[in-house]
Amino acid sequence: MPISARERAAILKSLAAGVVPSIGLHLIQVGRFDEVAALIHDLDLVQQGGASVRFVIGRYGSGKTFFLNLIRTVAQKRKFVVAQADITTERRLQGSSGQAKALYCELMRNLSTQAKPDGGALQNVIERWVGDVDHDVRSNGGNEEVVKRKFATELRPLQDLVSGYDFVTVITRYYEGYLNHDERLQDNAVRWLRGEYTARTDARQDLGVRTIIDDTSYYDYLKLFARFVRIAGYAGLLVNIDELVVLSHRLPNTTARNRNYEAILRIINDCLQGRTEGLCFLFAGTDECLEDRRLGLYSYEALATRLAPNRFATEERQDLQSPVIRLQNLTPEDCFVLLSNIRHVHASGNPAQYIVPDEAIVEYLKECNEWMGSQCFQTVRRTAQGFVHFLNMLEQDSTRDWRSMLMRNASAIRQTLELPDAPDVNADDELSEFRL
Amino acid sequence: MQCDALFTAHPLMVDLASAPVFLDDSSHSFLKYITIGAGYAAALVILLIFISPAVSLFVVICVLAMEVAVAKPAEFSALTGRASGKTDASGYHHPTSGQMVRPPATSDTPQSSCDNLVVRETSSEPGDSQARQQQLMQQQLVPRGTLSLPPKGSDFDDPVEVVSPAAPTLPPQRIPAAPKEVEALKRPFRARDLDESELDDQLTCHAASEPATSGSSGSKAVFHLDMHAVSRIMSETRQVANLLMAAMADELEDTPEIDDQDETPLEEPESPEQAEPQQQEVSVPSSQIEAAPAGNVDGLPARFRSFLQALIAKSEWDNGEMTALARQHGVMLSGAIEVINEWSCEQYGEWLVEEGDTYCVRTDLLEGTVECPLAHANVPPF
């Protein structure tokens, strides 16, 4: 697999900083063939107009966030539009004080495509389709009015959905803003699509629509947007939602928790029963988030039924058709392969340029094991971070042998390994955390 | 053992009986009150016989109250529970700090439990460096939530110092101490210009007396790699890599064309005469444009090709320039960048246009594909 300079730099810099790389994850993925295959199959299904929902479940450090990012990378390459957000107490699936809408806003802000993988792709997606329709009509001798009528025709399937008519109106307003060089009108249209309007009167005044995206309607707009991106030529919409544990173990109010579980139930029902198309949901959470009978998803009877494990499945062989995919923690051998992959990336994919032999990786792991014990393999962020530092120093000082470097810098490695885990940004942002 | 003494008794620690406040001799007081009470009961009987009952009762009450108040104010306070906070069987709350103060088991028993009260008083003279060092070490190693008294003549403002619960401690089960703990122990030594070697010696000595542990996590198995498992994982990883590569490559082959213009034959590149007026509007020298034929841009929708040609005339554009350029070519800017970047990702694995405060164009990617005017015009890149 070729390694571009951009991917190499992104991977090494991210790992050195202790965060999950946003690109090139497939280059350092270790094992998990069945799980990856199952998710790719889901993407195929969605690409063909289906829908899917999966729960990626694993302990802390098992690689849930990494796995989500990996699937995001694959989806972007397959021309999916990807929306990603972490759940927090202020951003959740259901809420009466703007929490659900805040989650929608975050998803829309982080909207990404292959061409814009870091988020902020909403305007690109809209303009791409609007520009295509405009070009198509004008090349056949049509004018602006014909273009607007074409919008309505092309988006007729959306009008069957909740708020579909307003959605078409807003897209038309965006086009009018472009024609009239009215950037304010274009910005207002984008604001509406992002769910940033708080008052219906403002929306009506600015855009001539009667509705806004709020706590109760955001999920309908996600379904609407999934249909839109397919019309716009993309494969579908992938929605990655991380930190599900916040719902189960940080929401103190049982009623609020159950309402969020109801929202999840609605998503599961829609996706599994085929009531939506072009939409794939990926949730990530911990074991207790799923299995806790008092607080977890299993505390909600309808979810417990739908997410119940296959009784014929074993720990070694899980049922990958089930909505729940379980990730096991890394073993020392997995860690060895991971570090080998990092070395491979560091050498830009050329084995002749490997800066250290396998023996050095083993010695490094021994050093880590000496100071971290099993944590070294269960939460490999700091292990990978230290290893990248080790490689970087060797690269910069070619006069030194890896053995002497490892011996002399054992204390430095220990310091790296003893560093406290970086605090999660806004407590929900596990994207800043490297897990495998 | 010298080191064990760090966590047990200390020569500077004295019996609680010498302290002004104590609470543990309640049985002794009880016997004393019984004796006093019996004496006064006998006197009361005599008085009742010979003097009027009302006068005798008044006299007895007054005498009793005076006796108790004069005997020991601390006991009086403890009995009434008013002076220094509520008292219970396990101790009392310090009146100022609110911390729970617990009595020692016996006055001469070494302090071995972290929960016991340690009331210290030093006999050292102020300025005695050795004593101060010992006292300082004792302060650092004292269990959490304990009460300590400052040395006489010390510069502490508060006569009673309660060691903060956040003060660094050395739990006996976690020797050797972590570097951060050692650092925390050394910090006050440095602050008072005391010799740190004493602390180092004692820590080293104590660490040697403890069974060795291999690290901070406690349980460490001998590191062992199963090379068969490594081979299996590597094989699986290769399979995953192939799977991912196929999944990402499939898209290039299978995804339906987004723009119907792709299906039309590639348009002939614009003649220099057609391109020149447009390029002049964005301040690109016409000589450069004339030297820029369209190259291999297969896969890029035809309507974006002229925009791309113009785009690579500069390696950096500001927002206004880019918007104007897009309008000149009849494309919407964000949509055009989306399409061009997607195309360049598929062609070169990199993004051609990087959005930020300005738009940066990776003209180096197109070398040999679309000729970049800058490459021929000797115009220094921005």
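The chains referred to below are lettered A, B, ... by the order of the sequence lines, with proteins before strands, and numbering in each begins at 1.
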Derivation of the side-chain contact (heavy atoms from CB on, under 4.5 Å) call for Arg327(B) and His181(A)
CA-CA 10 Å; Arg327(B) 284 191 178 276; His181(A) 296 228; 3.2 Å; yes
If you apply the rule side-chain contact (heavy atoms from CB on, under 4.5 Å), what do you find for Leu70(A) with Leu244(B), and how did you get there?
CA-CA 10 Å; Leu70(A) 176 70; Leu244(B) 291 170; 4.1 Å; yes
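Rounded to the nearest 0.5 Å, atoms NZ (Lys116(A)) and CG (Asn341(B)) are 9.5 Å apart. Atom OG1 of Thr237(B) sits about 12.0 Å away from atom NE2 of His344(A), to the nearest 0.5 Å. Here the OH atom belonging to Tyr348(B) is positioned 16.0 Å from the CZ atom belonging to Arg6(A), to the nearest 0.5 angstrom. The CE atom of Met248(B) lies 6.5 Å from the NZ atom of Lys77(A); values are rounded to the nearest 0.5 Å. Rounding to the nearest 0.5 angstrom, the gap separating the CZ atom in Arg32(A) from the CD1 atom in Ile233(B) is 10.5 Å. Annotation: the span from Arg128(A) atom CZ to Phe304(B) atom CZ amounts to 7.5 Å, rounded to 0.5 Å.
Met332(B) and Tyr174(A) get closest at one heavy-atom pair: CE-CE2, 3.6 Å. Of all heavy-atom pairs spanning Ser4(A) and Glu350(B), the tightest one is CB-OE2, 3.4 Å. The two residues Ile40(A) and Ala247(B) come nearest to each other via the heavy atoms CD1-CB, 3.6 Å.
Looking at Leu43(A), there are no atoms closer than 4.5 Å to chain B (heavy atoms on both sides), in backbone or side chain. Only the side chain of Asn341(A) comes within contact range of chain B, with heavy atoms under 4.5 Å apart. With a 4.5 Å cut-off on non-hydrogen atoms, Phe336(A) touches chain B through its side chain but not through its backbone. Using a 4.5 Å cut-off between heavy atoms, Val230(B) touches chain A through backbone and side chain atoms alike. Neither the backbone nor the side chain of Phe80(A) has a heavy atom closer than 4.5 Å to any heavy atom of chain B.
Remark: Phe151(A) engages Trp129(A), Tyr175(A) in a ring pair (Phe, Tyr, Trp, His ring centres under 6.0 Å) (not counting sequence neighbours). Residues satisfying the side-chain hydrogen bond (donor to acceptor under 3.5 Å, both in side chains) test with Glu338(B), not counting sequence neighbours, are Thr113(A), Asn124(A), Tyr234(A).
Chain A forms the most heavy-atom pairs under 4.5 Å with one residue out of Gly335(B), Gly330(B), Cys345(B), and that residue is Gly335(B). Looking only at heavy-atom pairs under 4.5 Å with chain A, the residue among Gln239(B), Arg232(B), Glu354(B) that has the most is Gln239(B). Interface check for chain B: of the options Ser340(A), Ala115(A), Gly120(A), the most heavy-atom pairs under 4.5 Å are formed by Ala115(A).
Between the side chain of Glu333(A) and the main chain of Leu225(B), no donor-acceptor pair closer than 3.5 Å is present. In this structure a side-chain-to-backbone donor-acceptor pair under 3.5 Å is missing from Ser334(B) to Gln123(A).
Summarising the local packing, CG of Asn180(A) is surrounded by more than 12 heavy atoms from other residues, nucleotides or ligands at distances under 6.0 Å. Counting non-hydrogen atoms of other residues, nucleotides and ligands closer than 6.0 Å to CZ of Arg190(B) gives a total above 12.
Taking the ring centre of Phe33(A) as origin, the terminal cationic atom of Arg238(B) falls outside the region bounded by 6.0 Å and 45° from the ring axis.
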